[in-house]
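What follows is a short report on a single structure.
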2 protein chains.
Amino acid sequence: MFRVDPDSPVPVYEQLKRQIRLGIVSGAFPPEHRMASIRELATELTVNPNTIAKVYGQLETEGFLISRAGSGFYVKDCQESVLETRHELLAELAAEFVARSVELGLTPPEIQAALSEELGRRPALGTDK
Amino acid sequence: MFRVDPDSPVPVYEQLKRQIRLGIVSGAFPPEHRMASIRELATELTVNPNTIAKVYGQLETEGFLISRAGSGFYVKDCQESVLETRHELLAELAAEFVARSVELGLTPPEIQAALSEELGRRPALGTDK
DNA sequence: ACCACTGTAATAGTATTGTGGTACAGTAAG
DNA sequence: CTTACTGTACCACAATACTATTACAGTGGT
């Protein structure tokens with residue numbers, strides 16, 4: 001189902017978190033879908049249960065999952081909250097991007113241009129689903 | 001001259017690197033300007049000479065400084081190379097920004113909008129110098 | 001009530017990273 | 001050639017981040 005590389009410089013929990021998040025927003029995991037249990041997924045990926053718990057916990061904080069004790073983790077159906085959280089995260093990413101670009105002495109038009117170029121470089125998203 | 005906070009979560013060498021880079025691109029340190037020596041700056045900021053050496057070394061790799069052994073570090077005058085390096089760094093920042101936004105399930109128009117909003121939020125840059 | 005499953009919490013080991021201390025080598029001026 | 005500066009390289013210590021181990025507590029079906 002998922003793939004993680006223990007030798008990557010980016011930590012395992014981060015790799016997995018991104019994949020799951022992508023699966024949720026792409027619709028692969030619909031609302032109310034029950035995720036694999038912590039131990040199941042830990043066994044499958046050959047990682048520690050604690051690592052999976054960390055991933056699920058953070059995704060719950062971000063509003064993508066909800067924990068039902070004794071039962072499992074489920075994809076959150078309250079899309080309003082998810083949308084709100086996503087835009088908060090987006091604003092943070094944008095702020096950091098701008099801040100670091102400005103530190104390099106780059107101007108707003110240059111920053112806009114770089115973003116447009118990067119977006120144009122990518123294939124269509126959400127049209128192939 | 002510079003200010004660093006040892007208790008910040010962002011490492012000292014990173015704080016200092018950003019400040020120096022900003023000083024160079026803003027024109028506060030013109031080309032051929034001789035930077036303070038490693039030991040001078042280390043004493044002034046009460047940090048280890050090794051930390052300053054790390055900063056200067058990385059800024060040299062990025063094309064902002066040049067090392068003249070036995071003499072000191074100087075602001076690089078070859079602005080072409082600096083411009084090129086800056087745009088490479090900008091492209092990397094943009095790529096990471098887009099990648100992480102896409103992982104959140106956000107669409108190109110939303111990403112563009114977030115950037116515009118963030119840029120609009122900032123006061124004029126380079127006009128107050 | 002029991003039992004097999006679920007998530008949770010506390011703890012410890014390991015690797016990476018940031019920083020400090022010290023000694024080495026090269027340059028420039030007297 | 002000596003001297004006082006410059007950057008460079010190597011090693012050690014401390015803090016942090018990541019992951020693993022273990023034990024605990026709550027649910028749900030039988």
Side-chain angles (χ1 to χ4, degrees), chain A residues 1-21 24 29 32-77 100, chain B residues 1-21 24 29 32-77 100:
Chain A
M1 192 78 195
F2 300 110
R3 279 198 98 81
V4 289
D5 174 18
D7 299 330
S8 164
V10 38
V12 170
Y13 82 93
E14 186 72 26
Q15 296 178 46
L16 184 58
K17 198 168 72 170
R18 293 179 184 181
Q19 290 180 47
I20 295 178
R21 204 159 38 191
I24 293 174
F29 302 127
E32 286 303 320
H33 172 79
R34 180 180 175 280
M35 303 301 292
S37 82
I38 288 179
R39 285 171 182 77
E40 279 175 7
L41 196 50
T43 303
E44 178 185 336
L45 298 179
T46 327
V47 299
N48 197 285
N50 215 332
T51 302
I52 308 294
K54 186 176 188 174
V55 170
Y56 280 178
Q58 293 192 6
L59 287 174
E60 184 180 20
T61 301
E62 294 177 10
F64 291 97
L65 295 180
I66 186 166
S67 162
R68 294 181 188 154
S71 175
F73 278 89
Y74 295 82
V75 175
K76 200 166 182 179
D77 61 349
R100 297 183 61 180
Chain B
M1 191 79 193
F2 300 109
R3 278 200 100 80
V4 290
D5 173 19
D7 298 331
S8 166
V10 38
V12 170
Y13 83 92
E14 186 73 25
Q15 296 177 46
L16 184 58
K17 197 167 73 170
R18 292 179 184 181
Q19 290 180 48
I20 294 178
R21 202 158 40 192
I24 293 175
F29 303 127
E32 287 302 321
H33 173 80
R34 180 182 175 279
M35 303 300 292
S37 81
I38 288 179
R39 286 171 181 77
E40 278 175 8
L41 196 49
T43 303
E44 178 185 335
L45 299 179
T46 328
V47 299
N48 195 285
N50 217 330
T51 301
I52 308 294
K54 187 175 188 175
V55 170
Y56 280 179
Q58 292 193 6
L59 287 174
E60 184 181 20
T61 301
E62 294 178 10
F64 291 97
L65 295 180
I66 187 168
S67 163
R68 294 180 189 155
S71 175
F73 279 89
Y74 295 80
V75 176
K76 201 166 183 179
D77 61 349
R100 296 183 62 180

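Residue numbers begin at 1 in each chain, while the letters A, B, ... track the order of the sequences.
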Value in whole Å for how far the [atom2] atom of [N] lies from [atom1] of [X]:
{"X": "L65(A)", "N": "dT8(C)", "atom1": "CG", "atom2": "P", "value": "11 Å"}
{"X": "D5(B)", "N": "dT19(C)", "atom1": "CG", "atom2": "P", "value": "11 Å"}
{"X": "D7(A)", "N": "dA15(C)", "atom1": "CG", "atom2": "C1'", "value": "13 Å"}
{"X": "I38(B)", "N": "dC24(C)", "atom1": "CD1", "atom2": "C1'", "value": "14 Å"}
{"X": "R34(B)", "N": "dA28(C)", "atom1": "CZ", "atom2": "P", "value": "12 Å"}
{"X": "Y56(B)", "N": "dA9(D)", "atom1": "OH", "atom2": "P", "value": "17 Å"}
{"X": "Y74(A)", "N": "dT6(C)", "atom1": "OH", "atom2": "P", "value": "10 Å"}
{"X": "I52(B)", "N": "dG18(C)", "atom1": "CD1", "atom2": "C1'", "value": "13 Å"}

Notebook entry, point to check: Has R68(A) got its NZ or CZ under 6.0 Å from the middle of the six-membered ring of Y74(A), at an angle within 45 degrees of the ring axis?
Noted result: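 R68(A) over Y74(A) ring: yes.
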Margin query: Just so I know, are the side chains of V75(B) and F64(B) near enough to count as touching, which here means a heavy-atom distance under 4.5 Å?
Written below: no
Checklist line | Non-hydrogen side-chain atoms of I66(A) and F73(A) separated by less than 4.5 Å | finding: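 The answer is no, as the side chains (C-beta and beyond) never meet within the 4.5 Å cut-off.
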Are [X] and [N] close enough that a side-chain N or O sits under 4.0 Å from OP1 or OP2?
{"X": "T51(A)", "N": "dA20(D)", "answer": "yes"}
{"X": "Y13(A)", "N": "dC18(D)", "answer": "yes"}
{"X": "K54(B)", "N": "dG18(C)", "answer": "yes"}
{"X": "R68(A)", "N": "dG28(D)", "answer": "no"}
{"X": "S71(B)", "N": "dA28(C)", "answer": "no"}
{"X": "S37(A)", "N": "dC5(C)", "answer": "no"}

Item checked: Donor-acceptor contact below 3.5 Å, side chain T46(A) vs main chain A42(A) -> no
Notebook entry, point to check: Mapping G72(B) and A69(A) onto DNA chain D by nearest heavy atom, which one lands closer to the 5' end?
Noted result: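 The answer here is G72(B).
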Applying a 4.0 Å non-hydrogen cut-off, can you work out what [X] is touching in the nucleic acid: base, sugar-phosphate, or nothing?
{"X": "E14(B)", "value": "nothing"}
{"X": "E60(A)", "value": "nothing"}
{"X": "F73(B)", "value": "sugar-phosphate"}

Margin query: So, under a plain 3.5 Å distance rule, would you say the side chain of N50(B) forms a donor-acceptor pair with the base of dG21(C)?
Written below: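 Such a pair is found, so the answer is yes.
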Next item on the list: Between R39(B) and N48(B), name the one whose nearest nucleotide on DNA chain C is closer to the 5' end.
Entry: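 Mapping each residue to its closest nucleotide by heavy atoms, the 5'-most match is N48(B).
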Note to self: If the test is side chain to side chain contact (heavy atoms under 4.5 Å, CB included), which one of Q58(A), K76(A), M35(A) qualifies with L65(A)?
What the structure shows: M35(A)
